[in-house]
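Side chains are part of it too, since the values below use all heavy atoms of this structure and drop only hydrogens, waters and symmetry mates. A note on names: the letters A, B, ... follow the listed sequences, proteins ahead of strands, and every chain is numbered from 1. Quick caveat, the model's predicted, so the values are computed rather than measured.
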Number of protein chains: 2
Amino acid sequence: MIPNHPFRPAPLTARDKLLEAGVKLVRQHGFSATSVDQLCGEAGVTKGAFFHHFVSKEALGVALADYWSSSTGQFFAAARFHQHADPLDRVLGYIDLRIALISGPVESFSCVAGTMVQEAFRSSDSIRSVCNSSILGNAAALEDDLAAALARSGASGVTAASLSRHIQAVIQGAFIMAKAAGAADAAAAAREHLMHLRRYLELLLAGETIHAN
Amino acid sequence: MIPNHPFRPAPLTARDKLLEAGVKLVRQHGFSATSVDQLCGEAGVTKGAFFHHFVSKEALGVALADYWSSSTGQFFAAARFHQHADPLDRVLGYIDLRIALISGPVESFSCVAGTMVQEAFRSSDSIRSVCNSSILGNAAALEDDLAAALARSGASGVTAASLSRHIQAVIQGAFIMAKAAGAADAAAAAREHLMHLRRYLELLLAGETIHAN
DNA sequence: GTCAGCATACCGACCAGTTGGTATGCTGAC
DNA sequence: GTCAGCATACCAACTGGTCGGTATGCTGAC
């Protein structure tokens, strides 16, 4: 998700540098495979600085998920797709933005929270919980628009909350497929699934139109 | 995926014991966080036995993805949903089977290949490649049925190959959401997304029926 | 002077991988 | 039929290096 937030100019304190290093290294190698020494090296600080700001590696993981959550939250809250008058257009605008963000190597568009929770869901409940909040936060930001679009479409058996979570699920699945596809095909592999997701939302929410375009 | 294959009675050799231990521990802790010592302990063999059968931990990862691939392949090939006369019923039968397999803790239904590729996609191209083959193998097994259903529905802009991959993407995404949701809600969280996937397939492939049921 | 914000030096535990060895079973020459 | 020769399967102990974490010291701002 998100290339690199333009709003936060450059990490100044050791804490911010470590969090930025965490985003990069966790995306590349995962949480377990990223050592504290590597994080310090990437951030250009020493181990003393690390344990001054974080009581443990796990604590950095929690802070990293929080950092990621607020970064992505701000990014999508400020995006232009909110300006559309129609709720379905806003939802599809979100999907289109997500598609547009997918380019280059996997580690430039993958999700830090999704990556971390996969490794830490059993060993650290605090990391799992913050990652869950991060993903569900992204989901919740779409819930009102989905509710409006759902009400108009007359679709039954689907709640806006569930559909908002499903959007995030497909995005996470797309990232896994991208990682599996390999560097050369990663972006294309990921985009493919967001296109299917877009089609699902259109079929479900288009109202009176028939499914085929 | 798959609780535990009934056809392979019990691991006898150290190699098989290590692979079974790998399935369990990688699902629980991930690949990086699982040590060779842990694998040996779980398998009840010594380190010497480990490095007799595998030249490195990475080599076990490759063998594990292969083992997983053939286990799941056999399991789904033998499943009863193939008996349906209608191709769409076979596809939906597969989804229903996947839904039925989701119960209990995440580590009893999650995918070893999807878990491993997330951690190893950058550090080991051989592990990534085998995991990719495992996931795409599951996808390919549905391609003919999807092609038949697609042809009959008249849907345009979708290929059977892409749709088959998308099914696996949603499954992988569902597992991530399950891990994030936490132990108590994991299974329900995962099932939710397969229900959406089922709805998408129905909307797309149902032919002349309108989307809402 | 004191305290946040670091840096340096170090620790014990654990890591993947190595070593040197044993038990067992197959194979073919005699 | 038996036994040398050898491959396979496994074991226990060990190694160099890396791990997360700690103890302590410096330094400039207030």
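Nucleotide dC15(C) forms a Watson-Crick or G-U wobble pair with dG16(D), both donor-acceptor distances falling under 3.5 Å. Look at dC26(D): its Watson-Crick or wobble partner, with both distances under 3.5 angstrom, is dG5(C). Checking dC10(C) for Watson-Crick or G-U wobble geometry (two distances, each under 3.5 Å) identifies dG21(D) as its partner.
Summarising the geometry, the separation between NE2 on His52(B) and C1' on dT8(D) is reported as 5 Å, rounded to the nearest angstrom. Atom NZ in Lys17(B) sits about 14 Å away from atom P in dA9(D), given to the nearest Å. Atom NZ in Lys47(A) sits roughly 16 Å away from atom C1' in dT24(D) (whole-Å rounding). We find that CG of Asp16(B) is positioned 13 Å from C1' of dA9(D), with the value rounded to whole Å. As a whole-Å value, the separation of Phe50(A) CZ from dG5(C) C1' is 16 Å. One can place CZ of Phe51(B) at 18 Å from P of dA13(D), the figure rounded to the nearest angstrom. The interatomic distance linking Lys57(B) (NZ) with dT18(C) (C1') rounds to 18 Å, in whole Å. Put simply, CG on Asp37(A) is 14 Å from P on dA7(C), counting in whole angstrom units.
For Lys57(A) and Phe50(A), the positive end is not near the middle of the six-membered ring at less than 6.0 Å and at most 45° from its axis.
Looking at heavy-atom distances under 4.0 Å, Thr34(B) makes contact with sugar-phosphate atoms alone, never a base.
Taking the six-membered ring for Trp and the full ring otherwise, Phe76(A) and Phe81(A) have centroids separated by 6.0 Å or more. Ring-centre distance between His166(B) and Tyr200(B): below the 6.0 Å cut-off.
With Ile127(A) as the partner, the side-chain contact (heavy atoms from CB on, under 4.5 Å) test is satisfied by one option alone out of Ser123(A), Ser129(A), Ser124(A): Ser124(A).
In this structure, Lys24(A) does not pair ionically with Glu20(A), as no charged nitrogen and carboxylate oxygen lie closer than 4.0 Å.
An OP1 or OP2 oxygen of dC10(D) is reached within less than 4.0 angstrom by a side-chain nitrogen or oxygen of His53(B). Taking side-chain N and O atoms only, Thr46(A) has no distance below 4.0 Å to OP1 or OP2 of dC6(C).
For Val36(A) and Gly44(B), each mapped to the nucleotide of DNA chain D holding its nearest heavy atom, the one lying further toward the 5' end belongs to Gly44(B).
Residue Ser56(B) has its side chain nearest to dG17(C) when only dC6(C), dG17(C), dC11(D) are considered.
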